[in-house]
Amino acid sequence: MRSDFSCLFAGEAGYGVMSAGSTVAKAAGRNNLWAFVVNEYPSLIKGGLNTCLVRLAAAPLPAHEEMIDCLAVLSQDGMEQNYGRVQPGGLLIADASLAVDSSRLARGVRVYQLPLLQKGSGDVAKIMSNSAMLGAFCALSGFPADLIEAVLASEFKPEVFEKNRLLLRATYELAAQQTAAAVFPLPFSEPPARRMLINGNDAIAMGALQGGCKFAAGYPMTPGSSVLTYLADYGPAFGLVFKQAEDEIAAINMLIGAGFAGARAIGATSGGGFSLMVEALGFAALAEVPLVMVNAQRGGPSTGQPTRTAQADLAFILNASQGEFLRIVVAPGDIEECFFETFRAFNLAEKYQLPVIILTDKYLADSAATHPFFKTEGLAIERGKLADPDWLAAHQPYKRYEFTADGVSARALPGTGGGRHIATSYTHGEDGFYSSGNREYAGSEPEVTVKALDKLFDKEPHILAELEAVRLYGPETAELTLVVWGSTKGAALAGMELATAAGLSVNVLQVVYLSPFPAAAVAAILGRSRQTLLVEGNKTAQLGGLVRMHTGIHLANRYLKYDSRAFTPSQILLKIKEVLA
Amino acid sequence: MSAYDANLDYVPTWCPGCGNFGIINSLKKAFAVLELDLEQTVLVNGIGCSSKIGQYINCYRIETLHGRTLPVATGVKLANHGLTVIAEGGDGDGMGLGMGHFVHTARRNLDISYFIHNNQVYGLTKGQTSPTSEPGMFTKFTPPPLGNVERPVNIVDMAISLGASFVARAYTGNMNQLTDMMAQAIRHRGFAVVDILQPCVSFNAVNTYAWYQQRVRTIGGDHDPSDRERAKALAGIWGDEIPVGVFWREERPTFADSLPQLKGGPLTAQPLAGADISSLMEELA
């Protein structure tokens, strides 16, 4: 019996292929299977090909695969672009109007053409087409239609549901007449615990709410926007205010204002928007205002590829803004890390009074996976050195930027008695005053400048000591160590499993925190590696450069992918075999 | 010396005769008139000579980036709407880089007072044209023979049009009136703009004290600041006569008033721990 099953739903934008996919994924997740869902769509509102790939398995899935068992397609484009992905012996379900060129299909692919596209006008016809496609999918693959219906029933109004149910059933019957009983390869049962179908951006937004975030601001930019959409939608019930700003510059400055005033604040954007925010990033750092920013990478440079994935902003994010300052950059690799690292980001931003950037990408932001409910017990809010009136009374005159051993000085929030101070974007001394703009400081400017900059970096060893910045998966030592960051984690882990099953010895080093760079931890693991393979989604081996700069270790074997699509486990397995050959 | 007078330990670096001395003294007087709680007051400033005012005032202050005063002030106000928030900056800071923010902040009508130190020239970068420079003015970036060929921004007219709910103009040569305008602006609930005419003794040879002295006229007591048409007409006057005083005032809900999340108090007073996200997870189940 097969251990997984993939179906690609494809059709013109607006026909709900993505909701078809998520319906199947939810139905699977509610019945003890695990789904991984990848949406692909061009940057168009109407028209253009949308696809939704649903991969199902009896165990949690860390990534998708290119090859599919079933293609359910509503448009000719969807057919043309995906013929080659259907596995031998697979299934093609197409609307009756489409021209199918069987010669382009693998051996043994069974083709079924049915009336799926519904006549009529507007959105109703589109939603209905979707239901017809799901009916055919169930009949031909053997996925139980009643599980699909249960999901639809919970999402549609009763009258809309009933119309769709009838069409789903009718198409199911029609399709069932054309085939012997199809058997879905995976077992359904009652799941032991509640599960959800969640994407990376939703997990980040939930992590923010769990972390006490009360303010968000931003300007829409794919694929970062959906964090903001989520917070605009669900945030108010948690006391959060979302402000749509006139531009990204305004957005980040609003976040800095809110952070200075004492509210936990988050922004989300993509590389282009982040580019506009860069001057203010340095402001937050120098003024030591806590700030949490999400950069969901898409293809670049410039406007690049709005709806496609890439891991090419790493070097930019690490160096963004003039001058030198410490920032924390965390790249979650999966849903779990999106949630927990975002929660942690707020603690880190306040404890160390600096910007924390959550670096994700379109693949992680937008792909959904079945995931158990997050376990939130034991998550503690840590605000660091906050000056209260008693502390301030005992520490007059109050110095906002007092030089301390750990670089962190007590932060007085506006409204707190005895804490009046100036927070500034100028290089400043302990009291916040401009190092050279005031005669009183002019004579000691070089000394003040050095101390002020040292203060920012004095935080580094404490951060490195606190963070679990790298994670090693698989055996402690192996013939080959894959070196990855961000969303590549999933495909690398699955690739490692495929390799292990093939008798190869592979482990995976994930660098979770890229700044401050965990040089010692990385060097220790790479020091034990017999061979390495760097796997990242850019052209210039940005993590590779970082590793070499900080450890002197050159990662010579590289699998760099910058074709706008994410890595898959099979692709990584091929590279592993190449290196170990 | 009261808390309102405290200059901290620093001597202002403005040029002798700079209009900013009049502005800072008027601001301190306005604080005293209003008996403001300085611990509950945040002054947000940008970058430039004007913006140095934050370095010499004894309340909570955040000295931001060039042109970014208003978004920072917006963040402060939304995070803690119990604070008195004052934004200050120059014509370069606010009408150049900051123009987009000015437009949108006015639309939003947050309860922020915005004092624009308008000397019609860039001071700290040593004498370039500003968005409020007069046509024909010679500056380092607009040298003779042409001089400045662009039309100046009319701050008062624009503020009224964009939705600021209190709009006034004052002149640093009349500190009592300036103090009064500032106090009224701070007291006003909504976005309050004061265009402060301020000679730059180093770089603006046109709009001098003598030049203003001959032109500045206080708006007559018969003007009703709720008369929008008349306010706009007054705003259009600039030349031999320059009206100063309150042009426009309206009471309308602030942006913060529209947010149910703020009804229970400032965001900064909300508990951070213990958010129960189980309903959010159920939604995706």
Side-chain angles (χ1 to χ4, degrees), chain A residues 30 194-198 202 206 209-210 212 214-215 217 234 236 238-241 243 245-247 249-251 253-265 279-280 283 287 373-374 376 380-381 383 413-426 433-434 437-440, chain B residues 8-11 13 38-42 44 47 52 54-55 58-80 82-83 100-101 103-104 108 255 259-262 264 266-268 270-285:
Chain A
R30 288 183 189 180
R194 303 284 285 159
R195 293 175 188 173
M196 53 191 165
L197 182 68
I198 183 171
D202 288 354
M206 276 189 203
L209 292 173
Q210 186 73 53
K214 298 295 175 205
F215 185 72
Y234 296 100
F238 292 80
L240 176 140
V241 168
K243 182 73 204 88
E246 55 271 24
D247 54 40
I249 299 174
N253 281 287
M254 287 177 187
L255 298 170
I256 292 171
F260 166 72
R264 288 188 160 196
E279 188 193 19
F283 167 32
F373 279 18
F374 297 124
T376 57
I381 303 278
R383 303 204 68 185
L413 305 181
T416 312
R420 284 177 283 171
H421 67 273
I422 185 165
T424 177
S425 61
Y426 281 112
F433 280 84
Y434 183 19
N438 292 287
R439 284 169 225 171
E440 297 76 6
Chain B
L8 309 162
D9 297 326
Y10 296 95
V11 179
T13 54
L38 295 175
E39 308 280 13
Q40 298 287 337
T41 302
V42 176
V44 186
I47 297 297
K52 287 186 179 182
Q55 298 181 4
N58 199 6
C59 57
Y60 276 92
R61 292 143 291 153
I62 178 163
E63 186 166 37
T64 69
L65 297 168
H66 193 39
R68 310 308 168 196
T69 320
L70 291 175
V72 174
T74 298
V76 172
K77 188 70 191 181
L78 288 176
N80 186 348
L83 298 169
H101 307 313
V103 170
H104 295 285
R108 283 170 201 145
F255 181 82
L259 298 171
Q261 302 95 305
L262 302 184
L267 296 181
T268 51
Q270 308 298 320
L272 300 187
D276 179 5
I277 61 163
S278 51
S279 64
L280 301 178
M281 295 194 285
E282 282 297 338
E283 189 104 0
L284 299 176

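Note: hydrogens, waters and symmetry copies are ignored here, and every other heavy atom, side chains too, is used. For clarity, every value in this text was computed on a predicted model and none was experimentally measured. Protein chains get the first letters and strands the later ones, always in sequence-line order, with residue 1 at the start of each.
Note: L240(A) leads L255(A), T376(A), L240(A), I256(A) in heavy-atom pairs under 4.5 Å with chain B. Ranked by non-hydrogen atom pairs under 4.5 Å with chain B, the options L197(A), I198(A), L209(A) are led by L197(A). Between chain B and the residues G419(A), A287(A), A245(A), A265(A), the largest count of heavy-atom pairs under 4.5 Å involves G419(A). With chain B as the partner, the residue from A250(A), G262(A), A263(A) showing the most heavy-atom pairs under 4.5 Å is A250(A). Counting heavy-atom pairs closer than 4.5 Å to chain B, the top residue among F283(A), F215(A), Y234(A) is F283(A).
Between the side chain of S425(A) and the backbone N or O of T64(B) there is at least one donor-acceptor pair closer than 3.5 Å. Under a 3.5 Å cut-off, the side chain of Q261(B) and the backbone N or O of P236(A) do not form any donor-acceptor pair. The main-chain N or O of I47(B) is never found under 3.5 Å from a side-chain atom of Y426(A) such that the two would form a donor-acceptor pair.
Using a 4.5 Å heavy-atom cutoff, the side chains of E282(B) and R194(A) are in contact.
Within the 4.5 angstrom heavy-atom criterion, no atom of L70(B) approaches chain A. Contact of L280(B) with chain A is made through backbone and side chain together, with heavy-atom distances under 4.5 Å. Only the side chain of L78(B) comes within contact range of chain A, judged by heavy atoms closer than 4.5 Å.
To the nearest 0.5 Å, atoms OG1 (T13(B)) and OH (Y434(A)) are separated by 8.5 Å.
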Item to check | Stepwise side chain to side chain contact (heavy atoms under 4.5 Å, CB included) test for H101(B) and N253(A) | outcome: CA-CA 11 Å; H101(B) 307 313; N253(A) 281 287; 5.7 Å; no
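Under the 30°/60° scheme for interplanar angles, the aromatic rings of F433(A) and Y10(B) are found to lie parallel.
Heavy atoms only, all atoms of each residue included: P414(A) and V42(B) are closest at CB-CG2, 3.5 Å.
In this structure H421(A) satisfies the side-chain hydrogen bond (donor to acceptor under 3.5 Å, both in side chains) test with no other residue, sequence neighbours excluded. Checked against salt bridge (charged side-chain N to carboxylate O under 4.0 Å, His left out), E39(B) has the following partners two or more places apart in sequence or in another chain: R420(A).
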